[in-house]
Each structure stands twice: as structure tokens, then as C-alpha cells.
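One structure below.
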2 protein chains.
Amino acid sequence: MTPRRLARAATRSDRPKVVYEQLRELIVHGRLAPGSRLVETDIAERFAVSRTPVRGALQRLRQEGYIVDSPSMRQSRPTVAPLTGDDARELFDIVGQLEALSAYNAAELPEPARTALVAELATINADLGKAAGTPRPDHNRLWNLDERFHERCVEVAAGPRLKLLHSSIKPQAERYERLYVSYLAGYMSPSLAEHDDIIAAIRRGDAAAAKAAVERNWHNAAERLGQVIERVGDWGRW
Amino acid sequence: MTPRRLARAATRSDRPKVVYEQLRELIVHGRLAPGSRLVETDIAERFAVSRTPVRGALQRLRQEGYIVDSPSMRQSRPTVAPLTGDDARELFDIVGQLEALSAYNAAELPEPARTALVAELATINADLGKAAGTPRPDHNRLWNLDERFHERCVEVAAGPRLKLLHSSIKPQAERYERLYVSYLAGYMSPSLAEHDDIIAAIRRGDAAAAKAAVERNWHNAAERLGQVIERVGDWGRW
DNA sequence: TTTGGGGTAACTGTATACAAATCCACGACC
DNA sequence: GGTCGTGGATTTGTATACAGTTACCCCAAA
């Protein structure tokens, strides 16, 4: 990957966005470990831009929770946010609440769109079941399918505000999911059943049930993940 | 008010924050009308700082939804976000979901804290009832009490992430509430009863009920507000 | 009177120089 | 040997100059 050229080639007003996306990618995929210090000048040099667009990207990452300021001093020293069990639980509950609202709206969608969505979700979940059933499941594929399942509801049914919020928070859950997906692969079958509940509720237009089903799915996921984290240990704390 | 001196006196690393807070205050209180253009140079001059901290403040306001970019062009021209019925409904539902999660946690609080919170909420709601019962209610006082009622749950029971999210979204609901509070004063009694439901659920430690009660409260508030907006007309659109 | 085009003014994006504040290491003194 | 202080290096915060783009205004022509 050659970030230098990407950022340079970017048109004027996209530079902060490009830097933001690249950094986020690095954080989510763990290439920037929790606790790492982010130095403006280093980043600027690395992407071949000045500190100005870098500042924009960092501020956004900070506001969205990907990076935090070192606790000690008044002058802010941004570091990659740590991954802890408590944070995971809170984060998953929040994402669950937001996606639950989407599901609520999805269940109230007018008829042609709703059936289409249900069909789509059913297909994805079936694929997910098949992928999980194989002897050595492809973790990346599992994650992608699960991701798409949740994403579709939001894309179709959420309003602009909800979409914005979701897109800024969801990737942070991705940090945890990507790290622990190998440990979580064994817990797929309850998740599959929960997805079926969601689909059924949306199909019959039962908004309250759809909402509750999504909340359950995420709350259970938080519990499963929390247990795994406690077993394996936190990252970025000691 | 003399913003010049405020921003100047602020210590180095607080300047963007001060500008942010002042601008947000102006927007929330309607002194900056929906659709107004925000020009970096003007703001910088007004607060007697350079464009750099102003940019930080604007970026934050944009990300939180207080300002939007003029629809047409690639270069961003920030304007104060319009107020519409649809947006109000979506916004209130989101805030409701977040506060519902807080209430859920509040109902699971360990014992000394929970009783204290319940007592506090009961007092506030009683004051609210008294204030609403007087012949010519003080709208500002009504709003403050209602605000405090909702705020306490979050302060006591929410985790750091939830608090952060809430503090960035809630003031946007405030924009609507402050504008329409005079029209909404007549609808206080259902809201009072809904508050009582919340208090009762937390008191008996019924987390699910507390969550549902908060969601109902906000969803109904969204409906009441939506009707008022449709009657009175949107702001910032025509 | 309205519409189209060109030119100018205004505003934002970027880069960079400078100032202030913190951290780190080294050394002196107890 | 340990601890505290001081000086330099590092890094962020701020201001400002410059470049590129957009919008607006004015004037001419239909």
C-alpha cells in the first residue's frame, strides 16, 4: 500500500477524508495497536500532506472514539483507544440500540421494499449458516456476512441521522469483532437463530418484536464477547 | 456578552472548545437561524482568534449535526442545519434509545445509589407537576426541570461512551424543544405520567420496563412535537 | 425585463512559520 | 545511591500567507 500517492492524488477537499479512512483502517485492523501514540508530523510525512488535513482526520477519529487523549497532561497526546471488556459491552449495547431502531423502521416499511429486504436477509443468513457449518469456517467470510446482514437494515430503513451515527460507531465494534472473531466462531448457532427471529418479525411487520430481537442479538453478542475477552485478556491495558 | 474576551482569555488548548460552545449556544437558542451561513473569517474575527481554532469548532459542529454543508458544491459551505418535522422525529427516537439504555442501567444500579436516584427523580417530577399546574407556567422552568429529569439518569448510570454520545446529540433535541416549548406546555400531563412510570420501574429494579418506559416517553414526545411542527411549519425550509 | 456570460470578490483548503507546553535525560546535590 | 531540578528536544496549538474554487454581480444583448 502506498498511502503517499493516495493522499497526494486526492483532490483538494478530500485529503482529510482520505487520511481519516486510512488511519481508521489501520486501527480497526490492528496495525496500529491500542495505546500507540499518533504524532501529527509523522502522519503528515507518511501521507505526504501537511499537518492541517491530518489535524482534521485526528479530530474526527478522536470524536468518534478511535483515539483518546493520554490521561496525564493538558496538552492532548492522541493514542489509539484501548480495547477492554467493559468498553466492548457498552459499545455493543449502543450499536444494538441504534440497529434496533433501524429494524423497527424496517418492519414498518411499505410493502414492496419490505419483502425485498426480508428475502435479502434470509439469503444472507442462509449463507452464513452454510459457511459456519463447514468443518474449518473461513472467519473473514463469516464476519463479512454477519456484517452485511446488519448493514442492510440500516441502509434501507434508517434516516440520515441514524445512518450517520451508525457509520461512525459501528466500525469501532468491528475492532473487537475482528480481533476476537476466531474465538467467536464457535458461538455462531445462537446468533443464526437470533437472526431468524429478526427476519420473521420484519416479515410480519411486527416492529416492536423486530426491535426487541435485534436488541437481544446484540446484547447476547456483547455477553459472548465479554466472556471471551475476560478469558483472553484485554488489549491496551495491563 | 463579550465573546472576544472569552476566547482571548481562554488558555491555549481551550480555544476551539470555547468557540464550539459559544456557537452551539447561539444555534440552540435560535440566535443563528437555520440556514444561516457560517463564515470562518467572520467567526474568527468575532471571537478574536485565528481561523485554525474556528475550523476545529466548525468541524465538530458539522459532525454533530448542528451545521450542514450547502447542498450544491464540492467546497464545503457550512450553514446552520434546518429544523423539520421528520428530522425531529428521527432525532427524538435516537435520543430516546440512548436514554432508554441509561435507564436500563439505572434500574440495575446497586442499592444505595438506586434509591437516591429514584428520590431525586421523584422530587424533580413533583416540581415539574407543580410548575405545570400553575395558571401561567414558566416555560423556561418547565424545560429546565424536564431536562434535569432526563439528565440525571444518564449522569448516574451511563458509561463513558454513552455519556459522550448523549452529550453530543441531546443539545440538538434542545433546539426543537426550546423553539416549540410554548406550544408544548399544554401537553405536560401525559409526560408527567410517563415520568412516573419510569421512576416506578427503576425503583423496583425492572430494567426492561424502565427502558420501555423511557422509549415510550420519547416516542410520544416525538409525536407531539411532530404534530406541532406540522401545524406551525418547518424552520429553514419553505 | 430577463437571461447569459465574464470577471471579480469572497471563502475555503493547504502549507508553513512560530510560540508555548510537555517530556526526557542528564547532572548536581543531599 | 536516590531525588530533585534544569536544559534541550519533541510535539502540539496558533497565526498567517497563498492557492484554488465557488459564487455573485454587473452589463450587454435578445
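Chain naming here is simple, since letters A, B, ... match the order of the sequence lines and numbering starts at 1 in each.
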Margin query: Please tell me if B:Arg15 has a side-chain N or O lying less than 4.0 Å from either OP1 or OP2 of D:dA15.
Written below: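 So the side chain of B:Arg15 is within the cut-off, an N or O lying under 4.0 Å from OP1 or OP2 of D:dA15.
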Check: Should the pair B:Tyr180 and B:Tyr176 be assigned to parallel (<30°), tilted (30 to 60°) or perpendicular (>60°) ring geometry?
Finding: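 Judged by the thresholds at 30° and 60°, the geometry between B:Tyr180 and B:Tyr176 is parallel.
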Margin query: Tell me whether the rings of A:Phe92 and A:Trp218 are parallel (<30°), tilted (30 to 60°) or perpendicular (>60°).
Written below: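 Geometry flag for A:Trp218 against A:Phe92: perpendicular rings.
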Note to self: Using a heavy-atom cut-off of 4.0 Å across all strands, would you classify B:Ile43 as base, sugar-phosphate, or nothing?
What the structure shows: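 The residue B:Ile43 makes no contact with any strand.
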Within this structure, what is the [atom1]-to-[atom2] distance between [X] and [N], rounded to whole angstrom?
X       : N      : atom1 : atom2 : result
B:Leu38 : C:dA10 : CG    : C1'   : 16 Å
B:Asp42 : C:dA10 : CG    : C1'   : 10 Å
A:Glu45 : C:dT16 : CD    : C1'   : 15 Å
B:Phe47 : D:dA15 : CZ    : P     : 14 Å
B:Arg37 : C:dA10 : CZ    : P     : 13 Å
A:Glu40 : C:dA21 : CD    : C1'   : 14 Å

Checklist line | Ion pair B:Arg148/B:Glu151, N-O distance below 4.0 Å | finding: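 No, this pair does not count.
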Next item on the list: Name all residues meeting the salt bridge (charged side-chain N to carboxylate O under 4.0 Å, His left out) criterion together with A:Glu21; count only those two or more places apart in sequence or in a different chain, and write none if there are none.
Entry: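 In terms of salt bridge (charged side-chain N to carboxylate O under 4.0 Å, His left out), with neighbours along the sequence ignored, A:Glu21 is linked to no residue.
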Margin query: Please check this pair: side chain of B:Glu108 against backbone of B:Ala207, looking for a donor-acceptor N/O pair closer than 3.5 Å.
Written below: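 Side chain of B:Glu108 to backbone of B:Ala207: no pair is present.
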Check: Is it true that the side chains of B:Arg24 and B:Tyr20 contain a donor and an acceptor less than 3.5 Å apart?
Finding: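 Indeed, the side chains of B:Arg24 and B:Tyr20 share at least one donor-acceptor pair under 3.5 Å.
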Notebook entry, point to check: What nucleotide, of D:dT12, C:dG13, D:dA15, holds the atom closest to the side chain of B:Val49?
Noted result: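 In terms of side-chain proximity for B:Val49, the closest of D:dT12, C:dG13, D:dA15 is D:dA15.
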Next item on the list: Can you sort out which residues in residues 50-64 of chain A have a heavy atom within less than 4.0 Å of DNA chain C? Ascending by number, please.
Entry: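 A:Ser50, A:Arg51, A:Thr52, A:Pro53 - these, ordered by number, are the residues of the stretch whose heavy atoms sit under 4.0 Å from the strand.
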